[in-house]
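Working notes, structure below.
Given the structure is predicted, the values throughout are model-derived calculations rather than measurements. What's counted below: heavy atoms across the whole structure, side chains too, no hydrogens, waters or symmetry copies.
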Amino acid sequence: QVIVYVYAAQQKTINPGKTELAKYLSKKCGRNLLVKRASDLLNPFIGMTEMLIARMFRDAERDGSILLLDEADSLLRDRNNAYRSWEITQTNELLTQMENFKGIMIACTNVLSVMDKAVLRRFSWKVKFLPLDTNQRIRLFNVWFPLADLDTNSMCMLEQIALLSPGDYKAVAKRAMPDKRNQAHYLVEELKVEASYRTNETDSKPKVGFGV
């Protein structure tokens with residue numbers, strides 16, 4: 001049994017590539033990826049959530065799929081802080097199923113601190129994502145914006161952006177106008193804006209009303 005636990009180094013880093021890692025591993029292993037989220041498993045009727053959890057593991061094992069439990073902290077919260085009995089039984093069911101699962105499971109979270117203390121020992125690996133280093137920032141820039149040449153000033157700006165993640169490049173690439181895709185300074189400024197939403201730099205002063 002091989003179980004991998006993937007979590008972000010910074011709680012504010014919203015898209016550090018956890019899901020992409022799962023996709024990469026499934027491709028390398030030649031297996032399908034079965035993705036499940038809390039919305040797929042949580043059910044208002046007593047006992048149904050536990051049934052759906054059991055079915056998830058059964059389906060993954062039957063098909064030989066890699067199981068990805070996204071935002072796992074929604075289902076594996078510390079039982080010592082539970083207020084309702086069904087919160088405890090859900091975590092118990094998940095832990096029991098994980099113990100007996102004969103396959104590969106990847107659980108993703110950005111909030112490791114709320115996870116149940118019995119969870120970590122059930123994972124063979126704990127993979128920690130750090131913010132992008134300088135080489136990674138430049139490589140991703142060249143991948144997403146091959147028409148733009150980074151000059152010295154733009155490269156310095158790129159290196160100084162706090163908590164830059166792969167998802168920021170994707171967001172900027174989606175909204176950048178075609179005639180702007182070869183302008184490195186503009187693209188780096190947009191990356192800075194995208195990353196600033198996680199560092200609260202855009203919300204330094206309270207605002208009233210609507211904005212774009």
Side-chain angles (χ1 to χ4, degrees), residues 1-130 163 165-168 170-171 174 197-198:
Q1 182 182 7
V2 180
I3 299 178
V4 184
Y5 190 88
V6 185
Y7 62 100
Q10 298 286 346
Q11 187 170 337
K12 295 180 180 178
T13 305
I14 58 174
N15 188 11
K18 305 184 298 296
T19 304
E20 291 303 317
L21 172 63
K23 292 179 180 178
Y24 175 81
L25 290 175
S26 67
K27 184 177 180 180
K28 284 295 183 179
C29 294
R31 301 190 184 192
N32 292 326
L33 183 65
L34 178 61
V35 182
K36 291 292 182 179
R37 302 174 180 85
S39 58
D40 300 316
L41 302 172
L42 294 176
N43 191 285
F45 297 102
I46 296 176
M48 282 300 299
T49 297
E50 291 83 353
M51 183 184 300
L52 292 172
I53 290 171
R55 182 184 299 173
M56 170 183 71
F57 283 95
R58 186 169 62 249
D59 291 346
E61 192 165 320
R62 180 196 63 212
D63 301 333
S65 300
I66 292 179
L67 176 59
L68 170 61
L69 184 59
D70 205 4
E71 304 301 338
D73 49 274
S74 299
L75 292 159
L76 287 170
R77 287 185 172 271
D78 193 336
R79 286 166 291 183
N80 292 325
N81 299 325
Y83 293 102
R84 302 171 183 86
S85 60
W86 53 263
E87 293 177 309
I88 297 175
T89 57
Q90 287 173 187
T91 301
N92 287 342
E93 179 67 26
L94 255 172
L95 293 177
T96 301
Q97 292 289 342
M98 289 165 56
E99 191 73 36
N100 297 310
F101 182 55
K102 297 179 177 62
I104 301 175
M105 175 184 175
I106 302 175
C108 300
T109 182
N110 286 347
V111 195
L112 185 66
S113 59
V114 304
M115 303 289 281
D116 193 273
K117 300 303 180 290
V119 168
L120 291 181
R121 63 182 175 85
R122 285 175 166 80
F123 293 99
S124 301
W125 289 286
K126 292 83 173 172
V127 182
K128 185 174 184 178
F129 280 79
L130 298 171
L163 299 179
S165 77
D168 297 328
K170 184 177 182 179
K174 282 184 174 181
Y197 291 114
R198 293 195 300 281

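Applying the side-chain contact (heavy atoms from CB on, under 4.5 Å) rule to Asp40 yields the partners Lys36, Arg37; only residues at least two apart in sequence or on another chain are considered. Residues forming a side-chain contact (heavy atoms from CB on, under 4.5 Å) with Lys23 (at least two apart in sequence, or on another chain): Thr19, Glu20, Leu33. Under the side-chain contact (heavy atoms from CB on, under 4.5 Å) criterion, Arg31 pairs with Cys29, Ile66, Ile104, sequence neighbours left out. Evaluation of the side-chain contact (heavy atoms from CB on, under 4.5 Å) rule for Ser65 yields Asn32, Leu34, Asp63 as partners, not counting sequence neighbours. Among residues two or more places apart in sequence or in another chain, the side-chain hydrogen bond (donor to acceptor under 3.5 Å, both in side chains) test is passed with Arg121 by none.
Residue pairs meeting the ring pair (Phe, Tyr, Trp, His ring centres under 6.0 Å) criterion with at least one member in residues 19-39, sequence neighbours excluded, do not occur. Sorted by first and then second residue, the ring pair (Phe, Tyr, Trp, His ring centres under 6.0 Å) pairs involving residues 27-46 (not counting sequence neighbours) form an empty list.
The shortest heavy-atom contact between Asp70 and Cys108 is OD1-CB, 3.7 Å.
To the nearest 0.5 Å, atom CG of residue Leu67 and atom CE of residue Met98 are 9.5 Å apart. One finds the OG1 atom of Thr96 at 7.0 Å from the CZ atom of Arg122 (value rounded to the nearest 0.5 Å). Expressed to the nearest 0.5 Å, how far CG of Leu42 lies from CD of Gln90 amounts to 5.5 Å.
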Side-chain polar contacts of residues 51-62 - donor-acceptor pairs under 3.5 angstrom, sequence neighbours left out - could you list them?
from	atom 1	to	atom 2	distance (Å)
Asp59	OD1	Arg62	NH1	3.3
Glu61	OE1	Lys102	N	3.3

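The side-chain contact (heavy atoms from CB on, under 4.5 Å) test with Leu69 is passed by exactly one of Leu41, Thr109, Ile106: Leu41.
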